[in-house]
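Okay, so here's the structure we're looking at.
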Number of protein chains: 2
Amino acid sequence: MRIGELSKVTDVPVPTIKYYLREGLLPAGELSSPNQASYGDTHVRRLRLIRALIELAQVPVATVKEILESLDSDTEPLHEQIGRAHRALTPTRRLTATDEARTAAAAQVTDLIAARGWAVEPSAPALATLIDTVAALRSLGQDSLVAHLDTYADAVESFTRLEIDAVTSNPTRDQLAESVVIGTILGETLIASLRLLAQESISADRWKNR
Amino acid sequence: MRIGELSKVTDVPVPTIKYYLREGLLPAGELSSPNQASYGDTHVRRLRLIRALIELAQVPVATVKEILESLDSDTEPLHEQIGRAHRALTPTRRLTATDEARTAAAAQVTDLIAARGWAVEPSAPALATLIDTVAALRSLGQDSLVAHLDTYADAVESFTRLEIDAVTSNPTRDQLAESVVIGTILGETLIASLRLLAQESISADRWKNR
DNA sequence: CGCTTATGGATACTGATACTATCCATCACA
DNA sequence: TGTGATGGATAGTATCAGTATCCATAAGCG
């Protein structure tokens, strides 16, 4: 398969494929002559993955590259790979909340985690985001939402368990790693859109005409 | 309060505040003389909201503007305002999946919605994202995740109900609208980070050294 | 065999986004 | 009275995610 066909199959413009090749997201095709390369099924799969991460999950190109490199390395431990996927989903934060608000929120979040017996590293990127979000909700006067944090955690824990079970069925480590990464990232998009649909439907008959 | 103090209180640089004023995200302060304006509590609150949306929820500036305008208009019906918040969370999609994959995914999603009795407009932005995500997961060989779509929906429905209850306690319509919008958008960030923390903790003891 | 089209590779350009920086004529306040 | 902050306008910057252009070569067709 040459680049034109790869483009047709995946519906990605040729210049964009070239760009991904340049950036090292997509491995080069096998060269049969200085200006003739052939791409195979792995390229199609890889390209689909790249597009899903970029378009659906809005992961920046540089981060996609990092994730793919991590997936391709057989030596990196699984938890490291998961860490990368997590970092892809939590933007490098700039401090938002004031100090008092933050420490209060941090306390609540730490309590929650302790109460659930979750093993979470203090440096986990999602931890900072959660604390900032709680602080922001508080400072915006949305305490009623924050009050139910524990119930949120219940629901979240239930489908996280489900996800991990679903993914654990993968036989090889490589497949497991890929499933975990894809599941982590696209799972987020899945849940987010389900939530919006549920909201639309539940809110529809609740506030018909307000 | 002058702009310098507003900047100190909210920890947003003065040039950035000026930028938000220019863009119409933040209402102008009250002018006491041609180059002297005073900002009040509403400005502090508004600025905090803007920053939370931009930094925490990664909402683009133009979309924040749209949302705020919608919140400020007393005439726009609530479901319209919710729609705007939803659009803020679902990026304008470029078609990703091939046609066959998409119709298959669309069928499954439509079934799911019908089975749950959800009232969802066919034009709902989240619907397209969900379909694309299902199609993408399928094409990436992650059918095991898609298989549990219904269980996901269960969990999602449970906390969506919770959210809506929490938010319904607001007395005035304006407050309700603000809560719904903030809850929709920051709730997403909240759930996402909870999920990552749960994942980290559950996966930790599942795959200690793989 | 010749001619058009596609290709790989390199380099340059573009449009959008979110700020920053600079200016300048006031204005506040010590 | 002079030093610094302010409002408002305009211009500049960095990053990101592609697009566009060129060129020498290769493929496919008549």
Side-chain angles (χ1 to χ4, degrees), chain A residues 1-40 43 47 49-68 87-88 91-96, chain B residues 1-40 43 47 49-68 87-88 91-96:
Chain A
M1 196 190 318
R2 293 203 315 252
I3 204 172
E5 201 185 338
L6 182 59
S7 162
K8 233 169 255 154
V9 171
T10 58
D11 206 43
V12 176
V14 172
T16 305
I17 296 179
K18 285 186 171 189
Y19 165 63
Y20 293 154
L21 286 167
R22 275 204 303 285
E23 295 297 309
L25 299 199
L26 197 61
E30 204 179 338
L31 282 176
S32 58
S33 45
N35 72 334
Q36 217 60 207
S38 78
Y39 304 90
H43 294 92
L47 200 42
L49 176 54
I50 293 170
R51 285 256 119 176
L53 295 183
I54 290 177
E55 300 200 334
L56 253 26
Q58 309 261 91
V59 177
V61 168
T63 313
V64 172
K65 186 188 177 181
E66 223 190 300
I67 291 171
L68 294 178
R87 251 167 275 132
T92 42
R93 21 166 265 95
R94 316 68 128 179
L95 296 147
T96 303
Chain B
M1 195 187 324
R2 292 202 314 254
I3 204 173
E5 202 185 337
L6 182 59
S7 163
K8 234 170 253 156
V9 170
T10 58
D11 205 42
V12 176
V14 171
T16 305
I17 296 179
K18 284 188 172 188
Y19 166 63
Y20 292 153
L21 286 167
R22 274 204 303 284
E23 295 298 310
L25 299 199
L26 197 61
E30 204 179 338
L31 282 176
S32 57
S33 43
N35 72 334
Q36 218 60 206
S38 77
Y39 304 91
H43 294 91
L47 199 43
L49 176 55
I50 293 171
R51 285 256 119 177
L53 295 183
I54 289 177
E55 300 201 333
L56 253 25
Q58 311 262 90
V59 177
V61 168
T63 313
V64 171
K65 184 186 179 183
E66 221 189 301
I67 292 171
L68 294 178
R87 251 167 276 132
T92 43
R93 21 166 264 97
R94 314 70 127 182
L95 297 148
T96 301

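A note on names: the letters A, B, ... follow the listed sequences, proteins ahead of strands, and every chain is numbered from 1.
The interatomic distance linking A/Arg51 (CZ) with D/dA17 (P) rounds to 11 Å, in whole Å. We find that NZ of A/Lys8 is positioned 14 Å from P of C/dT5, with the value rounded to whole Å. When rounded to the nearest whole Å, the span between NE2 of A/His43 and C1' of C/dT7 equals 15 Å. Summarising the geometry, the separation between OH on B/Tyr39 and C1' on D/dT6 is reported as 8 Å, rounded to the nearest angstrom. Nucleotide C/dA18 holds its P atom 18 Å from the CD1 atom of B/Ile17, rounded to whole Å. In this structure, the CD atom of A/Gln58 is 10 Å from the P atom of D/dA17, given to the nearest Å. The distance between atom CD of A/Glu55 and atom C1' of D/dG18, rounded to the nearest whole Å, is 12 Å. For the pair B/Leu21 CG and C/dA18 P, the computed distance is 17 Å after rounding to whole Å.
Here B/Arg22 contributes atom CZ and B/Thr16 contributes atom OG1; the two are 9.5 Å apart, rounded to the nearest 0.5 Å. Here OG1 of B/Thr63 is found 12.0 Å from CD of B/Gln58. Values are rounded to the nearest 0.5 Å.
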How would you summarise protein contacts on nucleotides 24-30 of chain C per nucleotide, using B for base, S for sugar-phosphate only and - for none, with heavy-atom distances below 4.0 Å?
-BBSS--
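Every residue meeting the salt bridge (charged side-chain N to carboxylate O under 4.0 Å, His left out) condition with B/Arg51, not counting sequence neighbours, appears here in chain and number order: B/Glu55. Residues forming a side chain to side chain contact (heavy atoms under 4.5 Å, CB included) with B/Val61 (at least two apart in sequence, or on another chain): B/Tyr19, B/Leu25, B/Ile54. Take B/Pro15 and apply the side chain to side chain contact (heavy atoms under 4.5 Å, CB included) test, not counting sequence neighbours, and it matches B/Pro13. Take A/Glu23 and apply the salt bridge (charged side-chain N to carboxylate O under 4.0 Å, His left out) test, not counting sequence neighbours, and it matches no residue.
Residue A/Tyr20 has no polar side-chain atom (N or O) positioned under 4.0 Å from OP1 or OP2 of D/dA17.
Counting any heavy atom pair closer than 4.0 Å across all strands shown, B/Leu31 reaches sugar-phosphate atoms only and no base atom.
In this structure, A/Val14 and A/Gly4 approach most closely via the heavy-atom pair CG2-CA, 4.4 Å.
Using a distance-only test at 3.5 Å, with no hydrogens or angles considered, a donor-acceptor pair links the side chain of B/Ser7 to the main chain of B/Val12.
With a 4.5 Å cut-off on side-chain heavy atoms, A/Glu66 and A/Arg87 count as touching.
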Using a cut-off of under 3.5 Å, enumerate the N/O to N/O pairs linking the protein to nucleotides 19-23 of chain D.
from: D/dT19; atom 1: OP2; to: A/Thr16; atom 2: OG1; distance (Å): 2.9
from: D/dT19; atom 1: O4; to: A/Arg22; atom 2: NH2; distance (Å): 2.7

